[in-house]
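Any value given below was found using the heavy atoms of this structure, including those in side chains, with hydrogens, waters and symmetry copies removed. These numbers were taken from a predicted model, which means no experiment stands behind them.
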Amino acid sequence: MTGGIIIPVYKHGKACVAVVDGLSQYGYPIILVDDGNGAETKAYLRQIAADHPAVTLITLAKNTGKGGAFAAGIAKAHGLGWTHALQIDADGQHDLTRAPFFFAQAAANPHALICGYPEYDETVPAHRKNGRKFANNWAKIVSFESGIADAMCGFRVYPVEPTHRLLSRGRCDRRMGFDIDILIRLIWRGVPCQFFPVRVTYPADGVSNFHVLRDNARISWVYTKLCAGMLLRLPVLLAKTVRRKRAP
């Protein structure tokens, strides 16, 4: 297995310094994607790349959203010959010490998408936690997969080849619906998923790119499209469910 880490970055330059510093002890190559940031964040990212030889910095001319930035990162990873890529958010919320474990799981299950599910502490906002339950239930419905532990966690090891193939066709949402959209579409394409816990902390002074009205509306639209896709695939999904139940 040849793997590395992809970190899409928008307005989290300062937090990203700590993220990369924390990951550097493990020796993985890192792709930072500057998603059309302003001057201050760009300066942080250039300094990170200068301080860490294992970091490759990709700069996008304009903001494309998390999905767009990740797609640019996965295209670079594909070109570099990576077989797997761990996507980590730049805001520092995730427990970085879980990276080696997630890579180990990917090595043991090379065709699978290795997904994190959040273990929250007392810092989690109640509306985030409750909204996630709603999203996860809808993900189970449209995928016909009852084992989805979390549909929105930004801590996942992706098998590069099928992920690059999907994203190169432009099928996935490029913004806040991305994590949900790509998970369901990879499941539809037969990519198995495994879920493992990762500790999540919300810093008191953290910068959030989530806009409640706009992004909840976008996520709702993503689920509307996924529901339509589910109906088109209904015979296949039902047949897969029957085969799974009949399996010893």
Next item on the list: Might you point out which heavy atoms bring Ala77 and Ile6 nearest each other, and give the distance in Å?
Entry: CB-CD1, 4.3 Å
Margin query: Any side-chain to backbone donor/acceptor pair from Thr56 onto Ile31? Under 3.5 Å, distance only.
Written below: no
Item checked: Cluster overlap Phe144 with Val236, hydrophobic side-chain contacts below 4.5 Å -> no
Note to self: For residues Leu232 and Ile141: do they belong to one hydrophobic cluster (side chain heavy atoms under 4.5 Å, members Ile, Leu, Val, Met, Phe, Trp, Tyr)?
What the structure shows: no
Margin query: So, applying side chain to side chain contact (heavy atoms under 4.5 Å, CB included) with Leu57, which one of Asp34, Val9, Val33 is it?
Written below: Asp34
Checklist line | With sequence neighbours excluded, residues passing side chain to side chain contact (heavy atoms under 4.5 Å, CB included) with Pro197 | finding: Arg98, Tyr117, Glu119
Note to self: Tell me the closest heavy-atom pair linking Leu167 and Ala71, and the distance in Å.
What the structure shows: CD1-CA, 3.9 Å
Item checked: Gln105 side chain near Gln194 side chain, heavy-atom distance below 4.5 Å -> yes
Item checked: Enclosure of Lys140 NZ (heavy-atom neighbours >12, cutoff 6.0 Å) -> yes
Next item on the list: Over all heavy atoms of both residues, which pair between Trp138 and Cys227 is shortest? Give the atoms and the distance, please.
Entry: CZ3-SG, 3.6 Å
Next item on the list: Show your reasoning for whether side-chain contact (heavy atoms from CB on, under 4.5 Å) applies to Leu186 and Leu166.
Entry: CA-CA 8 Å; Leu186 285 174; Leu166 171 62; 3.9 Å; yes
Check: Just how far is it from atom CG of Asp173 to atom CD1 of Ile219, taken to the nearest 0.5 Å?
Finding: 8.5 Å
Next item on the list: Taking all heavy atoms of Ala90 and all of Val19, pick out the closest pair and write down the distance.
Entry: O-CG2, 3.7 Å
Distance-only donor-acceptor pairs under 3.5 Å for side chains of residues 154-164, two or more places apart:
| residue | atom | partner | partner atom | Å |
| --- | --- | --- | --- | --- |
| Arg156 | NE | Cys153 | O | 3.3 |
| Arg156 | NH1 | Tyr158 | OH | 3.1 |
| Arg156 | NH1 | Asp179 | O | 2.9 |
| Arg156 | NH2 | Ala151 | O | 2.9 |
| Arg156 | NH2 | Asp179 | O | 3.2 |
| Glu161 | OE1 | His78 | NE2 | 3.0 |
| Glu161 | OE2 | Arg165 | NH1 | 3.4 |
| Thr163 | OG1 | Pro159 | O | 2.7 |

Margin query: Minimum heavy-atom separation for Ala72 and Ile58, please, with both atom names.
Written below: O-CD1, 3.9 Å
Notebook entry, point to check: Is a donor on one side and an acceptor on the other found under 3.5 Å between the side chain of Thr41 and the backbone of Asn37?
Noted result: no
Next item on the list: Drop me the distance from Asp89's CG to Ile7's CD1, to the nearest 0.5 angstrom.
Entry: 9.5 Å
Next item on the list: Any chance you could lay out the side-chain contact (heavy atoms from CB on, under 4.5 Å) test for Ile180 and Leu226, step after step, and finish with the verdict?
Entry: CA-CA 10 Å; Ile180 299 165; Leu226 290 173; 4.1 Å; yes
Notebook entry, point to check: Side-chain contact, heavy-atom cut-off 4.5 Å: Val20 with Ile5?
Noted result: no
Next item on the list: Given side-chain contact (heavy atoms from CB on, under 4.5 Å), test Lys42 with Thr59 step by step and report yes or no.
Entry: CA-CA 9 Å; Lys42 285 184 183 297; Thr59 301; 3.6 Å; yes
Item checked: Spacing of Gln25 atom CD and Leu96 atom CG [to the nearest 0.5 Å] -> 8.5 Å
Margin query: To the closest 0.5 Å, what do you measure between NE2 (His12) and CG (Leu45)?
Written below: 11.5 Å
Checklist line | Atom pair CD (Glu40) and NZ (Lys14), whose distance is rounded to the nearest 0.5 Å | finding: 9.0 Å
Next item on the list: For the residue pair Ile148 and Ser143, establish whether any side-chain heavy-atom pair is separated by less than 4.5 Å.
Entry: yes
Note to self: Looking at Arg233, I want to see if its CZ is surrounded by more than 12 non-hydrogen atoms of other residues, nucleotides or ligands under 6.0 Å.
What the structure shows: yes
Check: Given the rule in the side chain to side chain donor-acceptor pair (under 3.5 Å) test, do Asp95 and Gln93 qualify, once you have shown the distances and angles that lead to the verdict?
Finding: CA-CA 7 Å; Asp95 178 9; Gln93 292 181 0; over 6 Å; no
Note to self: With heavy-atom distances below 4.5 Å as the criterion, would you say the side chains of Leu183 and Met152 are in contact?
What the structure shows: no
Margin query: Please report the interatomic distance CD(Gln87) to SG(Cys115), rounded to the nearest 0.5 Å.
Written below: 11.0 Å
Next item on the list: Could you tell me whether a side-chain N or O of His84 sits under 3.5 Å from a main-chain N or O of Pro110, the two making a donor and an acceptor?
Entry: yes
Check: Would a distance-only check, ignoring hydrogens and angles, find a side-chain to backbone donor-acceptor pair under 3.5 Å from Asn137 to Lys133?
Finding: yes
Margin query: Using every non-hydrogen atom in the two residues, find where Thr64 and Ala69 come nearest and quote the distance to one decimal.
Written below: OG1-N, 3.2 Å
Next item on the list: Please check if the side chain of Trp188 supplies one atom and the backbone of Val142 the other of a donor-acceptor pair under 3.5 Å.
Entry: yes
Next item on the list: Determine whether Leu86 and Ile88 make a side-chain contact, defined as any pair of heavy atoms from C-beta on separated by less than 4.5 Å.
Entry: yes
Margin query: Cys172 vs Arg185, test: side-chain contact (heavy atoms from CB on, under 4.5 Å). Steps then yes/no.
Written below: CA-CA 8 Å; Cys172 288; Arg185 292 183 185 278; 3.8 Å; yes
Margin query: Once ring pair (Phe, Tyr, Trp, His ring centres under 6.0 Å) is applied, what residue pairs with a partner in residues 22-69 remain, sequence neighbours excluded?
Written below: Tyr28-Phe103
Check: Would you say the side chain of Arg46 lies within less than 4.5 Å of the side chain of Asp51, judging by non-hydrogen atoms?
Finding: no
Note to self: Can you classify the ring geometry of Phe196 versus Phe101 as parallel (below 30°), tilted (30 to 60°) or perpendicular (above 60°)?
What the structure shows: perpendicular
Check: Is a donor on one side and an acceptor on the other found under 3.5 Å between the side chain of Asn63 and the backbone of Asp35?
Finding: yes
